[in-house]
There are 2 protein chains.
Amino acid sequence: MAKTKKKESQWETATNEKLAEAGFRRGGARAAVVSLLDEQSCALSAYEIEELLAARERAVGRASIYRILEQLDELGVVSKVELGQAQARYEPIRPDHHHHHLVCDKCGAVIAFDDAPLERAVDSISKRVDFAVEGHEIVLHGLCADCR
Amino acid sequence: MAKTKKKESQWETATNEKLAEAGFRRGGARAAVVSLLDEQSCALSAYEIEELLAARERAVGRASIYRILEQLDELGVVSKVELGQAQARYEPIRPDHHHHHLVCDKCGAVIAFDDAPLERAVDSISKRVDFAVEGHEIVLHGLCADCR
DNA sequence: CTAGCGATGAGACTGATTCTCAGGCTAGCT
DNA sequence: AGCTAGCCTGAGAATCAGTCTCATCGCTAG
């Protein structure tokens, strides 16, 4: 598949702006990772990112991938989620698409879901505890429709 | 510290019964792990378990700790929780104490909390999705009172 | 008391993630 | 456009949690 110049989404643009504001220089590796993440609707593992980038025209070193993901996480544009699979996954944070995950204990499939009442319950707790809550992660696990 | 014969709690007793029912023989290593877990009110990592047991009179091999924890998890008497700290934690499941965790991003402190509306929201979702939900894990992260 | 077989643990191994450090490239200055 | 300081990269070593292997130990039934 030829590399086509895609239109940058709001997330990629906003991320690049935040990187610049935070004093980061531009770099090919980071641009490739940001661009790849922007195309995803759900979480990718570092290994998947490495493979996907290698399969394109732009391989990025493993150390760079982890470094970049950490920077993006700190900037608050990427969310690191641990789904109990012995590896972390990362996904872009889009203001209009907050969601959580269902994880199949058998095949490892990851399915996204969102639920307003759940969010409200979490927000309510966040205000009640003596703790500056900055984020939350909710994982439901069990068996997916195929494995059941 | 001298080893004192403590009174077994309901959890330890029930766990030993389930182990026997499941056909497991008795063993010193497993008894030590079960006894240690019974004293905890919140989650311990495998490494902490290894250290705590070594600090007592009863060191247990790492392989045994993981094996035992896995058996207890399968029996449904222990819960494996991933708090995004690159290591799993384990805690006894007591029928009267279902709870979730607040994790401090700075010092790593783990604080338990429970909330009925949150549980109801999760139960509600569990019934709506095309997925056999067997369990859930909710982690709020941010800064604890000390680190703020 | 003894044999059979589950329980245990030392240590090798695996897989994910982090660290190190030499060389490349960007951004700012002339 | 040319130059340079210092951030950006990536190859590979190091680390760390967790898993596997296998010889030995020690319950328990008989």
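Just so we're clear, the structure is a prediction, and the values are computed from it rather than from any experiment. Chain naming here is simple, since letters A, B, ... match the order of the sequence lines and numbering starts at 1 in each. Any value given below was found using the heavy atoms of this structure, including those in side chains, with hydrogens, waters and symmetry copies removed.
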Worksheet item: Does a side chain donor of either A:R30 or A:Q71 reach within less than 3.5 Å of an acceptor in the other side chain?
Response: yes
Item to complete: Check DNA chain D against residues 64-82 of chain A and give the residues with a non-hydrogen atom under 4.0 Å, in numerical order.
Response: A:S64, A:R67
Using a cut-off of 4.0 Å on non-hydrogen atoms, how would the nucleic acid contact of [X] be classed: base, sugar-phosphate, or nothing?
X	result
B:Y47	nothing
B:G28	sugar-phosphate
A:R62	base

Among the nucleotides [options], which one has an atom lying closest to any side-chain atom of [X]?
X	options	answer
A:R25	D:dC8, C:dG9, D:dC27	D:dC8
B:R26	D:dT28, D:dG10, D:dA5	D:dT28
B:A29	D:dT9, C:dT8, C:dA10	C:dT8
B:A63	C:dA10, D:dG18, C:dT17	C:dA10

Worksheet item: Among pairs that include at least one residue of residues 121-148 of chain A, which meet ring pair (Phe, Tyr, Trp, His ring centres under 6.0 Å), considering only residues two or more places apart or in two chains?
Response: A:H98-A:H136, A:H100-A:H136
Roughly how many Å is it from [atom1] in [X] to [atom2] in [N], rounded to a whole number?
X	N	atom1	atom2	answer
B:E50	C:dA10	CD	P	9 Å
B:R89	D:dA17	CZ	C1'	13 Å
A:Q87	D:dC16	CD	C1'	16 Å
A:L19	D:dT9	CG	P	10 Å
A:E48	C:dA16	CD	P	11 Å

Fill in: Atom CZ of B:R128: over 12 foreign heavy atoms under 6.0 Å
yes
Does the pair [X]/[Y] count as a salt bridge with the N-to-O cut at 4.0 Å?
X	Y	answer
A:D38	A:R94	yes
A:R89	B:E82	no
A:E134	B:K106	no

Discussion item. Just N and O in the side chain of A:R58: are any of them under 4.0 Å from OP1 or OP2 of D:dG10?
Written reply: yes
Practice prompt. Please find out if less than 6.0 Å separates the ring center of B:H97 from that of B:H99.
Written response: no
